[in-house]
Each structure stands twice: as structure tokens, then as C-alpha cells.
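The first residue in the sequence is number 1, and the count goes up from there.
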Amino acid sequence: MGTPKPSLIFEGIQIVTLCLVWYGVSAIGNVIVKELLNEFPFPLTITLAQLFSVWILSIPLLHVLKVPAPDYLYQNRIYYLKVIIPLAVGKFLAQLSSHVSLWKVPVSYAHTVKATMPLFTVILSRIILREKQSLSVYFSLIPIIVGVIIATVSEISFNMVGLISALLSTFGFSLQNIYSKKSLKDISIHHYALLALLAKLSWCLFVPFWFFYDGIDIFYETKYHSYHPAMKILFYLTIDGILNFLHNVVAFTMISLVSPLSYSIANSTKRIVVICISLLILRNPVTKTNVIGMSLALFGVMYYNKAKFDQRRAQHKQAIIPLVRSEPALNTLNLGTIQFAHPDSDLISRHHPSFHTSRPYYNGFIPNYASQTYKNV
């Protein structure tokens, strides 16, 4: 039995390492954001700090990877105004809604509600891309919806603003994913460049609102003016910005390394890890019914991933089979019949008049490929 190739072993180790980093960064980042919001209840400020960190830290990353600038995008102002700027606005609003949900409800419940992303993806894909899904995909949405309803009814720390914010965030990220994939296909732009561009635009568009909203409140809140609380908040904002940048980079790297199904499963597993770690560290109370609802919703997400994979595989087969069936049946060339109807001298003299007709063809030798079928040749 042969040993695995070193390249496959290295790739496997690389994917496992990236998954561990992805899970750890996401879990720690959510816990830090929750603690930061308890001490510093300004979701807008935290969102702008994350966007600024992604923008600034992307500059050396793009330089090291030598990612080309999207010249076509800058020349096409209409596409820039109609697609890129709305994408930046959507990214900001989705991220802000996510922070509001983490501020108002526990991390575990917020991520359970975010498990409804397949529901929004199916609806938006139907409306925007006119995509139809299989029955298995539609059935997979049932346990997701039921699980979220059970988790909502049994949530001890329930808050309506938190629920609506989590749903809006999930809707925003679903819409962003659809249009981001469309942008990557429509224009020649690297995904890291698109990430940096959206972060820069989001920050520049909404930082003026910060001065009239959070800026005024922070200025008049005297408890943030002393040295130690201010340094603590700045430290949390810096660490959260770095973790958010790493989360985005690792997520894009995972997309480039694994199949869509593997990425979806890894993302679902990440959500489970985030919920479990938040329950262990933050110690927010949960009931058995609440755990059942969370588990049912996460099971629905896994079932959805499997149904989508089966649907893509069936569509791929349907696209290939007609081509195979339409291939014409090619008859085998019968060398004996050809020689009987047209002697070697006749064939040679017809296509090669310079040859003498009485001269044997290659001294009587007939090339081997002459006895093969046209299809094989």
C-alpha cells in the first residue's frame, strides 16, 4: 500500500490548522466583543474600529501578496456607484446589526438566530438570481426555523431588539455574499482587494455619522475620560480589530482551498464552537429546551449543506449526460473493404500524384493507426 504524497499531507495539515485558527479567532472575537459592549455600549464605534482595522491591515497584506489594483473597477464609475458602494453600505449595516444583537442578547442565542442564513440565501437567490432549489433543500429549512423558534421561546435573556438585529444582520450578510460573488465574476478583482475596498468605503461613508452619534455621547460620558478605562477600551478595540481582520483573511483562504460543501460544513462547525465556548466562558444561563432548539437549528444547517451538495451534483450530471448521449455512433473503418474497393496504388496516386502507381505503399507496410476507429484516433 503506497504512502500518501507529501503535498496531500501538507495540504491536510494546512486546512486543519486554518480551521483551528478560524474557530479560535471567531470564538475569542465574539467573547471580546460581548465583554467590550458590556463595558462600552457603543456598537457603532466598535463597527467602525473593525472596518478601519481591516482596511489598514489589508494594505501590507496586498503588498506582500502583490495583488494587482482593480484598474477596470476604477474606470467603470457606473458599476462602482451601482454595485460597490451599495455593497459597502450593506457590509456596514450587517456588521452594525450583528454588534447590536451581541449587545442585547447572549452570544449563543445570537448565533442560533444567525443559523437562519440558509433561509435568507434561498429566498434571495430565488428573487435575485431566479434560482430554483430541490425539495430536499426546502425541507432542510424546516428544522432551522423550528429550532430557532424553540430557542427564542425558551431564551431566558430574550430581547426583541436583539432578535430583530440578529435577523437583519443575517439578511445583510446573505445579500452581501450573493452580490460579492457576482462582483468577483463581473470584474477582475482579487477577493482580498474587494474586502479591503469595502472596508475602506464603509468606514469613510459612515465615520461622519459617528461624530454626531457616538462621538457626542462619549465626549460627555466622563467615566471614559480617565486613563485606565480609556486604555482598557482601546486595548479591547485593537485586539478585536486584529481578530476581525484575521477572521476575514482565514475565511477567504478557506474558500480558496476547499470545496463549497466543505467550507459550509466548516462554517457550521465554527458556529457550534462559538456557541459552546461562549457558554463556557460567559456562563449565560440556558435551559434544556433552549439547547434542544439550538441543536435542531444547527442540525438543519448541516442538512441544508448536504442537500445543496446533492443538488449541485445532480445538476452537474444532467449537464454532462446529454452530451454523452448525443455523441454519434462512429463506424469502424474496415481496411479490407477499403483495399478491395480502392487498391493501394489507386489511393496513393489519387492523393500523392508524385508517387508512381506501381510503387508499393511503404514497401507493403500499412501504418497501425489505419486499423483503428476514428474515435480512438
Practice problem: Answer yes if the side chains of Asn284 and Ser108 hold a donor-acceptor pair under 3.5 Å, and no otherwise. | Solution: yes
Quiz prompt | Hydrophobic cluster membership, Leu205 vs Ile84, 4.5 Å side-chain cutoff | solution = yes
Self-check item: Nearest atoms (heavy-atom pairs only) where Thr287 meets Ser154
Solution: OG1-O, 3.7 Å
Quiz item: For Ser157 and Lys104, what are the C-alpha separation, side-chain angles and deciding distance, and is it a side chain to side chain donor-acceptor pair (under 3.5 Å)?
Solution: CA-CA 9 Å; Ser157 305; Lys104 294 296 184 179; over 6 Å; no
Self-check item: Nearest heavy atoms of Ala307 and Ser134, plus distance in Å
Solution: O-OG, 4.5 Å
Exercise. Classify the angle between the aromatic ring planes of Phe40 and Phe42 as parallel (below 30°), tilted (30 to 60°) or perpendicular (above 60°).
Key: tilted
Quiz item: What distance separates His99 NE2 from Leu48 CG, expressed to the nearest 0.5 Å?
Solution: 10.5 Å
Self-check item: Separation of Gln50 CD from Ile242 CD1 (nearest 0.5 Å)
Solution: 12.0 Å
Quiz item: Can you get from Leu296 to Ile145 by hopping between Ile, Leu, Val, Met, Phe, Trp and Tyr side chains that sit under 4.5 Å apart?
Solution: no
Quiz item: Is any side-chain heavy atom of Val89 closer than 4.5 Å to a side-chain heavy atom of Phe206?
Solution: yes
Quiz item: Any side-chain heavy atom of Ile150 within less than 4.5 Å of one from Thr289?
Solution: yes
Quiz item: What do you reckon, is CZ of Phe139 surrounded by more than 12 foreign heavy atoms closer than 6.0 Å?
Solution: no
Quiz item: If you group Ile, Leu, Val, Met, Phe, Trp and Tyr by side-chain heavy-atom gaps below 4.5 Å, do Leu57 and Val64 land in one group?
Solution: no
Quiz item: In Å and rounded to the nearest 0.5 Å, what is the CG to CD distance from Leu37 to Glu35?
Solution: 10.0 Å
Quiz item: Would you say the side-chain atoms of His225 pair up with the backbone N or O of Phe219, donor to acceptor, closer than 3.5 Å?
Solution: yes
Exercise. Measure the spacing between OH of Tyr224 and CG of Asp217 and express it to the nearest 0.5 Å.
Key: 9.5 Å
Quiz item: In Å and rounded to the nearest 0.5 Å, what is the CG to CG distance from Leu195 to Asn248?
Solution: 5.0 Å
Self-check item: ILVMFWY network linking Leu201 to Trp210, side-chain heavy atoms under 4.5 angstrom
Solution: yes
Exercise. Without swapping roles, check the side chain of Ser26 against the backbone of Trp22 for a donor-acceptor pair under 3.5 Å.
Key: no
Quiz item: So Ile56 and Phe245, side-chain contact (heavy atoms from CB on, under 4.5 Å) or not? Walk me through it.
Solution: CA-CA 10 Å; Ile56 297 301; Phe245 169 75; over 6 Å; no
Self-check item: Donor-acceptor contact below 3.5 Å, side chain Ser53 vs main chain Ala49
Solution: yes
Quiz prompt | Close side-chain approach of Leu96 and Phe92, heavy atoms under 4.5 Å | solution = yes
Practice problem: Indicate yes or no: at least one non-hydrogen side-chain atom of Thr116 is less than 4.5 angstrom from one of Leu167. | Solution: yes
Quiz item: Got Ile28 and Leu243 here, is their nearest side-chain heavy-atom distance under 4.5 Å?
Solution: yes
Quiz item: Do Val31 and Phe235 belong together in a cluster built from hydrophobic side chains that touch within less than 4.5 Å?
Solution: yes
Quiz item: Heavy-atom distance under 4.5 Å between the side chains of Gln95 and Asn244, does that happen here?
Solution: yes
Practice problem: Run the numbers on Lys91 and Leu51 for side-chain contact (heavy atoms from CB on, under 4.5 Å), then give the verdict. | Solution: CA-CA 10 Å; Lys91 178 178 177 60; Leu51 294 171; 3.9 Å; yes
Self-check item: Distance-only donor-acceptor check, side chains Ser140 and Lys308, under 3.5 Å
Solution: no
Self-check item: Heavy-atom pair of closest approach, residues Ala297 and Thr112
Solution: CB-CG2, 4.3 Å
Quiz item: Given the rule in the side-chain contact (heavy atoms from CB on, under 4.5 Å) test, do His111 and Asn30 qualify, once you have shown the distances and angles that lead to the verdict?
Solution: CA-CA 10 Å; His111 277 270; Asn30 276 272; 2.9 Å; yes
Please tabulate, for the side chains in residues 273-282, all donor-acceptor contacts under 3.5 angstrom to protein atoms that are two or more places apart in sequence or on a different chain.
from: Ser278; atom 1: OG; to: Val274; atom 2: O; distance (Å): 3.1
from: Ser278; atom 1: OG; to: Ile275; atom 2: O; distance (Å): 2.7

Exercise. Find out whether Val21 and Leu246 are in side-chain contact, i.e. whether some heavy atom of one side chain is under 4.5 Å from a heavy atom of the other.
Key: no
Quiz item: Of all heavy-atom pairs between Ile216 and Phe211, which one has the smallest distance, and what is that distance?
Solution: CG1-O, 3.2 Å
Practice problem: Give the ring-plane orientation class for Tyr109 versus Phe158, where under 30° counts as parallel, over 60° as perpendicular and anything between as tilted. | Solution: perpendicular
Practice problem: Might you point out which heavy atoms bring Ala110 and Ser101 nearest each other, and give the distance in Å? | Solution: CB-OG, 4.2 Å
Practice problem: Step through the shown structure and confirm whether more than 12 heavy atoms of other residues, nucleotides or ligands are within 6.0 Å of OH on Tyr236. | Solution: no
Self-check item: Value rounded to 0.5 Å, distance of OG in Ser58 from CG in Leu197
Solution: 10.5 Å
Exercise. List the steps, then state whether side-chain contact (heavy atoms from CB on, under 4.5 Å) holds for Arg130 with Ser125.
Key: CA-CA 6 Å; Arg130 304 297 180 184; Ser125 297; over 6 Å; no
Practice problem: Check Leu102 against Lys34 and note the closest heavy-atom contact, atom names and distance. | Solution: O-NZ, 2.7 Å
Practice problem: Check whether any side-chain heavy atom of Arg271 lies under 4.5 Å from a side-chain heavy atom of Val301, and answer yes or no. | Solution: no
Practice problem: Look at the rings of Phe171 and Phe120 and say which category their plane angle falls in: under 30° parallel, 30 to 60° tilted, over 60° perpendicular. | Solution: perpendicular
